[in-house]
Amino acid sequence: MSESQAPPQPDGADRRTQLAADRTVFAAERTYAAWVRTGLAALASGVGAKKLLEGVIPEWGIWAVGTILVAFSAFCFGAAVWRQVYSGAPPPHPDTKRIPPILLIAVNGFLMLVALSALVSIWFGRTGGD
């Protein structure tokens with residue numbers, strides 16, 4: 001293909017603006033992933049605290065630690081969606097497609113249900129051995 005047949009390229013400033021918009025979308029997705037990763041770590045820590053702290057601290061302490069960690073995980077899952085969907089002014093016409101908000105809500109809603117079931121397990125499940 002000769003140079004005369006090549007599609008027109010946007011000028012330098014327009015192209016830089018478009019690339020900046022793409023970087024903004026990718027940064028928002030990395031932030032979303034960080035919130036979810038933090039929520040999953042808090043959820044695992046809250047569930048694990050029940051078994052690991054058995055016999056080390058009183059029962060009410062295990063209940064409190066597990067509740068705080070699991071509640072924090074549910075907060076992180078909600079904040080991830082909030083931060084991704086309501087991220088402020090949209091970037092100017094990025095080439096990159098954003099993750100559909102309904103998918104974010106569905107996945108994080110499921111994770112919040114898992115956190116709720118873990119919370120019920122912490123509150124009403126057995127702590128002691130056999």
Side-chain angles (χ1 to χ4, degrees):
M1 184 188 281
S2 70
E3 287 185 41
S4 62
Q5 296 174 349
Q9 292 290 323
D11 70 350
D14 288 341
R15 182 67 182 147
R16 283 192 303 273
T17 301
Q18 189 175 35
L19 291 173
D22 290 343
R23 285 191 303 271
T24 301
V25 170
F26 293 139
E29 288 179 358
R30 284 191 306 273
T31 302
Y32 168 78
W35 276 107
V36 172
R37 181 181 60 235
T38 302
L40 289 172
L43 179 61
S45 298
V47 171
K50 183 155 186 157
K51 189 64 177 172
L52 292 174
L53 296 176
E54 170 185 315
V56 178
I57 63 174
E59 184 73 25
W60 65 267
I62 295 170
W63 184 83
V65 168
T67 298
I68 289 169
L69 286 168
V70 172
F72 178 69
S73 75
F75 167 77
C76 287
F77 299 142
V81 172
W82 181 265
R83 176 77 170 85
Q84 181 72 5
V85 174
Y86 301 107
S87 60
H93 309 294
D95 288 336
T96 307
K97 291 188 177 191
R98 297 183 68 120
I99 299 172
I102 192 70
L103 180 63
L104 296 174
I105 292 168
V107 169
N108 284 49
F110 173 74
L111 290 173
M112 289 178 98
L113 286 174
V114 171
L116 179 62
S117 66
L119 195 58
V120 169
S121 171
I122 289 170
W123 288 346
F124 300 111
R126 291 180 1 160
T127 302
D130 299 329

[X] and [Y]: which non-hydrogen atoms are nearest, and at how many Å?
X	Y	value
V47	A118	CG2-CB, 3.7 Å
K50	I62	CA-CG2, 3.6 Å
I57	G61	CD1-C, 3.6 Å

Are [X] and [Y] connected in the hydrophobic side-chain network, where two residues link if heavy atoms are under 4.5 Å apart?
X	Y	answer
V65	W60	no
F124	L116	no
L69	L53	yes
W123	L43	yes
V70	V120	yes

Report the residues that fulfil side-chain contact (heavy atoms from CB on, under 4.5 Å) with [X], sequence neighbours left out, ordered by chain and then residue number.
X	value
T31	W35, R83
L40	V36, F77, L111
T38	F72, C76

- Message: How long is the straight-line distance from CD1 of I105 back to CD of Q84, given to the nearest 0.5 Å?
- Response: 11.0 Å
- Message: To the nearest 0.5 Å, what is the distance between CZ on R30 and CZ on R37?
- Response: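 CZ of R37 is found 11.0 Å from CZ of R30.
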- Query: Do the non-hydrogen side-chain atoms of Y32 and N108 ever get within less than 4.5 Å of each other?
  - Reply: yes
- Query: Under 3.5 Å, side chain of S45 to main-chain N/O of A41, donor-acceptor pair present?
  - Reply: yes
